[in-house]
Q: 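First the structure, which I've put down as structure tokens, then a few questions once you've had a look.
Residue numbers start from 1 in every chain, and the chains themselves are labelled A, B, ... in the order their sequence lines are given, proteins ahead of strands.
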Protein chains: 2
Amino acid sequence: MKKYLDVLKNCKLFENISADDLFVMLGCLGAKVVSFDKKYTIFAEGSPARHIGIVLSGSAQIYQVDYYGNRSILSEIGPSEVFAEAFACAEITAMPVSVIANEPSEIMLIDCDHILHTCKNNCGFHQQLIFNLMKDLAVKTILFHQKIEITSKRSTREKLLAYLMFQSKKANSPSFDIPFDRQELADYLDVDRSGLSVEIGKLKKEGIIDNRKNHFELL
Amino acid sequence: MKKYLDVLKNCKLFENISADDLFVMLGCLGAKVVSFDKKYTIFAEGSPARHIGIVLSGSAQIYQVDYYGNRSILSEIGPSEVFAEAFACAEITAMPVSVIANEPSEIMLIDCDHILHTCKNNCGFHQQLIFNLMKDLAVKTILFHQKIEITSKRSTREKLLAYLMFQSKKANSPSFDIPFDRQELADYLDVDRSGLSVEIGKLKKEGIIDNRKNHFELL
DNA sequence: CTTATTTTGTTGAAAATTCAACATACTTTT
DNA sequence: AAAAGTATGTTGAATTTTCAACAAAATAAG
């Protein structure tokens, strides 16, 4: 576990918990580390929602596939970030989404029961953990608002521009990389891939953006 | 405050807190009740996000308006439900959305600071409150997933059908009322109002749904 | 280095959405 | 009860998106 110290220290879930306490706690919570190859499923839609996941290395994607086979990507999760916490905490029976590893990844899994129901009152870090979980969920809610702000736009161009502006703000620079290839970006924005390619081409020709592969720049 | 007992008891935020404790706590939290006329703004986009709101009577709508004036409705909030908790708990400075009263409404406002930062360790109900808040946020996240599942569909018809199916499931009946007029439903689904009317007409003609005003039935 | 495979860009046709304008129905007010 | 105002339905034209099919570019494999 020690080798994950840096990643775990950056995890919002463990804010204000000392490194010493952290390892004791992880033991008490029954945290385990599992490795996944690229494109392997971490949680399948419909499976029980019992575990919280934390990305130790690599990255993951949350997505849904509807009746007609259309994939919609909900979010991209990087190192130190938490996922599936909402499903576990809300104590719903089945996962409404799928989670896959985007690349070879190490994932920490914690049974949410151990966070919510065990030694509820006593030990100090449980209280802190719940508090951190609450904050994390609040931030996640805001991220969803942002995603909805992007996808609620009516045209591919507006969705794309709104997305790029958020990414630029997040990177604190007009120049940044995005974590998606074209098909994934289309599935995140809920638009057609070829139409998205056309729109990127237009914005380049109009001198509004510059782009090469996953790198974008707002001009 | 006593007259609001029933509504407050149904509020998830106060689950597992006795009525007696509740009123003591509301005093300690500095909860206040404010009335709003129909269409009046409860929280304006850009204003400080300090308060959590609870609908005591009436209802509220959360929405965003973009650069071009397009309104997108995020959710409809009814009695006993909490709103704006994510913004207050994430301690962001400005509200990214607006909240208006949908009808004459009474709203309880609680300064989130009092929940998060005051007497953090001691009194029992604070702990319970944080726990309840965490659960509430987890449920909210799932509701957002559902909204995204609906709006990620590519066509008006599919969005409408997905929405109606969720409403039917929520009502536990194929026959139910929706809380939106046509323009509001269009703004919730992020589609054109007239196109939505056409689609409702088609589904009726095809015998897939029945509808009169806000009442719908899946056949 | 060459070949296979995957990703991205391009195109045109079909389908759907948006937009504006108006007709009709329904509500509220006077 | 009439008038005014609001909400909903309808229509056709313009725009956009989707879809399928293919070309070109980039990447991976042999």
Side-chain angles (χ1 to χ4, degrees), chain A residues 37-39 61 65-73 100 102-104 150-164 177-206 209-216, chain B residues 37-39 61 65-73 100 102-104 150-164 177-206 209-216:
Chain A
D37 282 337
K38 185 172 178 168
K39 300 295 163 196
Q61 265 177 13
V65 179
D66 74 8
Y67 185 75
Y68 301 99
N70 284 324
R71 175 176 68 166
S72 178
I73 295 179
I100 59 165
N102 224 9
E103 48 192 305
I150 291 167
T151 56
S152 71
K153 299 270 186 294
R154 301 297 175 69
S155 68
T156 299
R157 163 181 282 241
E158 280 183 74
K159 288 184 186 185
L160 175 59
L161 282 174
Y163 174 74
L164 293 177
D177 290 335
I178 66 167
F180 296 131
D181 64 28
R182 290 290 182 276
Q183 183 63 62
E184 289 171 333
L185 180 55
D187 289 345
Y188 181 84
L189 299 178
D190 300 320
V191 298
D192 181 66
R193 181 196 60 77
S194 68
L196 175 62
S197 273
V198 170
E199 212 55 62
I200 291 174
K202 278 190 199 167
L203 288 170
K204 268 165 88 167
K205 199 167 289 174
E206 294 173 31
I209 68 169
D210 196 15
N211 141 266
R212 178 180 160 71
K213 295 198 58 198
N214 298 331
H215 187 80
F216 283 82
Chain B
D37 281 338
K38 184 171 180 169
K39 300 297 163 194
Q61 265 178 12
V65 179
D66 75 8
Y67 185 76
Y68 301 100
N70 283 325
R71 175 176 69 166
S72 177
I73 295 178
I100 59 166
N102 225 8
E103 49 192 305
I150 292 167
T151 56
S152 71
K153 299 270 188 292
R154 300 299 176 67
S155 67
T156 300
R157 163 182 281 241
E158 279 183 73
K159 289 184 188 186
L160 175 59
L161 281 174
Y163 174 74
L164 293 177
D177 290 334
I178 67 169
F180 297 130
D181 64 29
R182 290 291 181 276
Q183 182 64 60
E184 289 171 333
L185 180 56
D187 289 344
Y188 182 84
L189 300 177
D190 300 322
V191 299
D192 181 67
R193 180 196 60 77
S194 69
L196 175 62
S197 272
V198 170
E199 212 56 60
I200 291 173
K202 279 190 198 166
L203 288 170
K204 269 166 87 168
K205 199 166 292 176
E206 293 173 30
I209 67 169
D210 197 14
N211 143 265
R212 178 179 161 70
K213 293 199 61 199
N214 298 331
H215 187 81
F216 283 81

Q: Identify, between B:N214 and A:D192, the residue whose nearest nucleotide on DNA chain D lies closer to the 5' end.
A: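 Nearest-nucleotide comparison on DNA chain D picks B:N214.
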
Q: Under the ring pair (Phe, Tyr, Trp, His ring centres under 6.0 Å) test, which residues partner B:F216, sequence neighbours left out?
A: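 Applying ring pair (Phe, Tyr, Trp, His ring centres under 6.0 Å) to B:F216 gives none.
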
Q: Between atom CD1 in B:I200 and atom C1' in C:dA16, what is the gap in whole Å?
A: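 From B:I200 CD1 to C:dA16 C1': 17 Å.
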
Q: Using a 3.5 Å distance criterion without hydrogens, assess whether the side chain of B:E184 forms a donor-acceptor pair with backbone atoms of B:D181.
A: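 Yes: the side chain of B:E184 pairs with the backbone of B:D181.
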
Q: Expected output is a numbered-order residue list: members of residues 150-161 of chain A with a heavy atom under 4.0 Å from any atom of DNA chain D. What is it?
A: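 Those residues are A:S155, A:T156.
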
Q: From NZ of A:K39 over to P of C:dT6, roughly how many Å is that when rounded to an integer?
A: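 In whole Å, C:dT6 P and A:K39 NZ are 13 Å from each other.
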
Q: Within the 4.0 Å heavy-atom criterion, would you say A:V191 contacts the bases, only the backbone, or no part of the nucleic acid?
A: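 Since only primed, P, OP1 and OP2 atoms lie under 4.0 Å of A:V191, the category is sugar-phosphate.
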
Q: If you round to the nearest 0.5 Å, how far is CD of B:Q61 from CD1 of B:I100?
A: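 B:I100 atom CD1 to B:Q61 atom CD measures 5.5 Å (nearest 0.5 Å).
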
Q: Looking at residues at least two apart in the chain, or sitting in another chain, which of them share a salt bridge (Lys or Arg N to Asp or Glu O under 4.0 Å) with B:K213?
A: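 Testing B:K213 for salt bridge (Lys or Arg N to Asp or Glu O under 4.0 Å), a comparison that skips the adjacent residues, returns none.
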
Q: Using the test side chain to side chain contact (heavy atoms under 4.5 Å, CB included), find all partners of B:D66 that sit at least two apart in sequence or belong to another chain.
A: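 Only A:K153, A:E158, B:Y68, B:N70 meet the side chain to side chain contact (heavy atoms under 4.5 Å, CB included) criterion with B:D66.
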
Q: Can you give one letter per nucleotide of nucleotides 22-30 of chain C, going 5' to 3': B for a protein heavy atom under 4.0 Å from the base, S for sugar-phosphate only, - for none?
A: -----S---

Q: Can you run down the salt bridge (Lys or Arg N to Asp or Glu O under 4.0 Å) pairs that involve residues 186-198 of chain B, sequence neighbours left out, and say none if there aren't any?
A: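 Applying salt bridge (Lys or Arg N to Asp or Glu O under 4.0 Å) to every pair that reaches into residues 186-198 of chain B, excluding sequence neighbours, yields B:R71-B:D187.
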
Q: Assign each of A:S194 and B:S197 to its nearest nucleotide of DNA chain D by heavy atoms, then name whichever residue's nucleotide is nearer the 5' end.
A: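 Closer to the 5' end of DNA chain D: B:S197.
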
Q: Rounded to whole angstrom units, what separation is found between the NZ atom of A:K38 and the C1' atom of C:dT6?
A: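 In whole Å, C:dT6 C1' and A:K38 NZ are 11 Å from each other.
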
Q: Between atom CD1 of B:I73 and atom CG of B:N102, what is the distance when rounded to the nearest 0.5 Å?
A: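 If I round to the nearest 0.5 Å, the distance is 8.0 Å.
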
Q: Roughly how far, to the nearest 0.5 Å, is the CG atom of A:L185 from the CG atom of A:L196?
A: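 Those atoms lie 5.0 Å apart.
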
Q: Roughly how many Å is it from CD in B:Q183 to C1' in C:dC19, rounded to a whole number?
A: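 Distance check: B:Q183 CD to C:dC19 C1' gives 13 Å.
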
Q: Go through DNA chain D in 5' to 3' direction and return only the first and the last nucleotide with some atom under 4.0 Å of chain B's heavy atoms.
A: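 Boundary nucleotides touching chain B, in 5' to 3' order, are D:dT8 to D:dT18.
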
Q: Let me confirm one number: the CZ-OG distance from B:R182 to B:S194, rounded to the nearest 0.5 Å.
A: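 With rounding to 0.5 Å, CZ (B:R182) is 12.5 Å from OG (B:S194).
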
Q: Please identify each residue that fulfils salt bridge (Lys or Arg N to Asp or Glu O under 4.0 Å) with A:E199, with sequence neighbours left out.
A: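 Checked A:E199 against salt bridge (Lys or Arg N to Asp or Glu O under 4.0 Å); matches are A:R157.
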
Q: Just jot down the side chain to side chain contact (heavy atoms under 4.5 Å, CB included) partners of B:P104, sequence neighbours excluded, or say none.
A: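 Expected list: B:K38.
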
Q: Starting at CG of B:L189 and ending at C1' of C:dT17, how long is that distance when rounded to a whole Å?
A: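 Roughly 14 Å, once rounded to whole Å.
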
Q: Tell me, do A:L203 and A:L161 make a side-chain contact under 4.5 Å, heavy atoms counted?
A: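 Touching, per the 4.5 Å side-chain cut-off.
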
Q: Taking CG from B:D187 and C1' from C:dT17, how many angstroms apart are they, rounded to a whole number?
A: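 After rounding, the gap between these two atoms is 15 Å.
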
Q: Taking five pairs at each end, how big is the angle between the two axes of the helix from C:dC1-D:dG30 to C:dT30-D:dA1, to 10°?
A: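 If I round to tens, the end axes sit 50° apart.
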
Q: In chain order, what residues pass the side chain to side chain contact (heavy atoms under 4.5 Å, CB included) check against A:D177, with sequence neighbours excluded?
A: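 Partners of A:D177 by the side chain to side chain contact (heavy atoms under 4.5 Å, CB included) criterion, ordered by chain and then number, come out as A:H215.
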
Q: Between atom CD in A:E199 and atom C1' in C:dG9, what is the gap in whole Å?
A: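 Nearest whole value for this atom pair: 14 Å.
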
Q: Nearest 0.5 Å, what's the OG1-CG distance between A:T156 and A:L189?
A: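 One finds 8.0 Å between OG1 of A:T156 and CG of A:L189.
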
